[in-house]
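Positions are given from 1, in the same order as the sequence printed here.
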Amino acid sequence: MATLSPNIASARRLVVKIGSALLVGPDGLRGDWLRALCDDVADWRAQGADVVLVSSGAIALGRRVLDLPPGALSLEQAQASAAVGQIRLARAYEEALAPHGVRTAQVLVTLEDTMDRRRYLNSRATMQALLGYGVVPIVNENDTVATDEMRYGDNDRLAAQIAVTAGADQLLLLSDVDGLYTANPKTDPSARHLPVVERITPEVEAMGGDPVSGLSKGGMKTKLMAARTAVSGGCAMAIAEGSVLRPISAVAQGARVTWFLPDGDPQLARKRWIAAMKPKGEFVIDAGAARALQAGKSLLPAGVTRVSGDFGRGEPVAVLGPSGETLARGLTRYTSDEARRISGHRSEEIAEILGYAGRAALVHRDDMVV
């Protein structure tokens, strides 16, 4: 029986990665292509999907403005090019999406933002807030400050990490290839295109090749690394040739791609992970907060009557009802000391109590298993 491919038209949260070679041509920014891509983005949002764009192109744009010669750039040249190009890239997306009434935000990240737990949680909370406001985040690596040893180095892997961070169910890598082949089709006429990869085996990994574009950094090897990250987080991933106008629509209409199937639903996978963690503390809550949790609400400090244990921000806690029964497990957004200070208080009092603005919820519903 043939394996069914995911349907991009049904994506609930879609991350799209755009390669430099698609966005920047010999004459600079490909405005017609970008506007057509944004037509797609607006359509997907109109259908109820959240969309996140992970876009290359800042360095390619900036080096043209700085009139740097072709070839490899030093770290300083790349950072200067990124600084010049990033503002132009963000403005281009803003102008292309504005006619659709779509608001945008620029999000610049480094590898440290996903390696450090506190920064990862901050990044995740920010992304969730932006999507909750109906904003389309435009994500790129912060090449202006990232050093070689603390960089992703390519936006394929960055896009996969963003997809997992944002809880996306589908990731689309738009590139200059239409998917994975059993060998390099440019050098091997017997190479076969693989429409679906159910599992990334060593044999599949051996099919990776080298970059084929002077502008892009990511070859098939980096795309396979991205696929492994995405599918392990419950996110389906597709590799598609993106030079056509409205490339997301082209995928929906049957363009040739390679789909990598996920291990499971991203939210379910996250919930299972949280449920399996050993709590480092407990929140005892009142009856009103218990009813709110059962209704799918976040845990606010006002409903907490007691805090026990010693835990840091982002660590697992158990939520107990008035009679001591376990109602939920989740990841706390406050340390044990902070939680004790704000428990029983309204969210709008947090800043006055702690001396700084904090999150409204002690445990957000996205970080909790009831």
Side-chain angles (χ1 to χ4, degrees), residues 11-20 50-59 82 86 89 105-131 135-175 197 200 205 208 216-240 259-274 314 331 366-367:
R12 301 187 304 275
R13 180 163 292 175
L14 175 66
V15 175
V16 183
K17 179 263 178 178
I18 299 102
S20 292
D50 295 326
V51 181
V52 179
L53 301 179
V54 178
S55 180
S56 303
I59 292 177
Q86 194 61 248
L89 183 66
Q106 184 184 55
V107 179
L108 300 177
V109 298
T110 67
L111 184 60
E112 290 175 299
D113 293 321
T114 52
M115 292 178 64
D116 179 83
R117 185 171 187 80
R118 177 178 290 268
R119 291 169 69 168
Y120 169 81
L121 290 168
N122 278 334
S123 298
R124 186 174 187 275
T126 300
M127 190 70 67
Q128 296 288 1
L130 288 171
L131 294 172
V135 173
V136 172
I138 313 298
V139 185
N140 197 0
E141 184 155 24
N142 195 348
D143 293 301
T144 303
V145 300
T147 56
D148 283 338
E149 64 271 15
M150 287 306 300
R151 298 182 69 248
Y152 280 94
D154 66 86
N155 273 354
D156 294 327
R157 286 180 291 175
L158 172 60
Q161 185 61 59
I162 291 297
V164 172
T165 300
D169 55 313
Q170 295 190 27
L171 166 63
L172 175 61
L173 302 186
L174 294 178
S175 187
V197 175
I200 302 174
E205 290 180 329
S216 78
K217 299 175 184 174
M220 190 55 66
K221 287 182 180 179
T222 68
K223 290 173 175 55
L224 290 175
M225 293 171 68
R228 184 175 288 282
T229 297
V231 301
S232 65
C235 179
M237 191 191 95
I239 301 172
W259 278 104
F260 295 82
L261 302 186
D263 289 343
D265 178 84
Q267 294 302 327
L268 181 59
R270 179 175 174 78
K271 298 285 189 180
R272 286 173 177 165
W273 172 64
I274 292 173
L331 305 181
D366 290 344
D367 298 330

Measure across [X] and [Y] and return the closest heavy-atom pair with its distance rounded to 0.1 Å.
X	Y	value
A160	L171	CA-CD2, 3.7 Å
G57	S20	N-OG, 3.2 Å
A226	L173	CB-CD1, 4.5 Å
A58	N140	CB-ND2, 3.8 Å
V15	A168	CG2-CB, 3.7 Å

* Nearest 0.5 Å, what's the NZ-CG distance between K221 and D156? ->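 Result: 14.0 Å between the selected atoms.
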* What distance do T165 atom OG1 and Q161 atom CD have between them, rounded to the nearest 0.5 Å? ->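 Answer rounded to 0.5 Å: 4.5 Å.
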* Asked: Can you list the steps and then say if Q86 with Q106 is a side chain to side chain contact (heavy atoms under 4.5 Å, CB included)?
  -> CA-CA 9 Å; Q86 194 61 248; Q106 184 184 55; 3.0 Å; yes
In chain order, what residues pass the side-chain contact (heavy atoms from CB on, under 4.5 Å) check against [X], with sequence neighbours excluded?
X	answer
A227	I200, M237, F260
A240	L172, L174, V251, V257
S55	I18, L23, L89, Y93, I138

* Check for a donor-acceptor pair, side chain of D367 on one end and backbone N or O of L331 on the other, with a separation under 3.5 Å. =>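 Not confirmed, D367 side chain does not pair with L331 backbone.
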* Do S56 side-chain atoms and G19 backbone N/O form a donor-acceptor pair below 3.5 Å? ->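 Not at all, since once roles are kept as given, no pair shorter than 3.5 Å links the two residues.
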Does any non-hydrogen side-chain atom of [Y] lie less than 4.5 Å from one of [X]?
X	Y	result
V107	T126	no
K223	R157	no
V136	L53	yes
K17	L158	no
E141	N155	yes
L261	V197	no
I162	V52	yes

* Can D366 and R124 be counted as an ion pair, charged N to O under 4.0 angstrom? ->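 No salt bridge links D366 with R124.
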* Non-neighbouring partners of R13 that pass side chain to side chain donor-acceptor pair (under 3.5 Å), sequence neighbours left out ->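 Side chain to side chain donor-acceptor pair (under 3.5 Å) check on R13 returns D50, Q128.
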* **salt bridge (charged side-chain N to carboxylate O under 4.0 Å, His left out) pairs, two or more places apart, involving residues 227-240** =>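 For residues 227-240: E205-R228.
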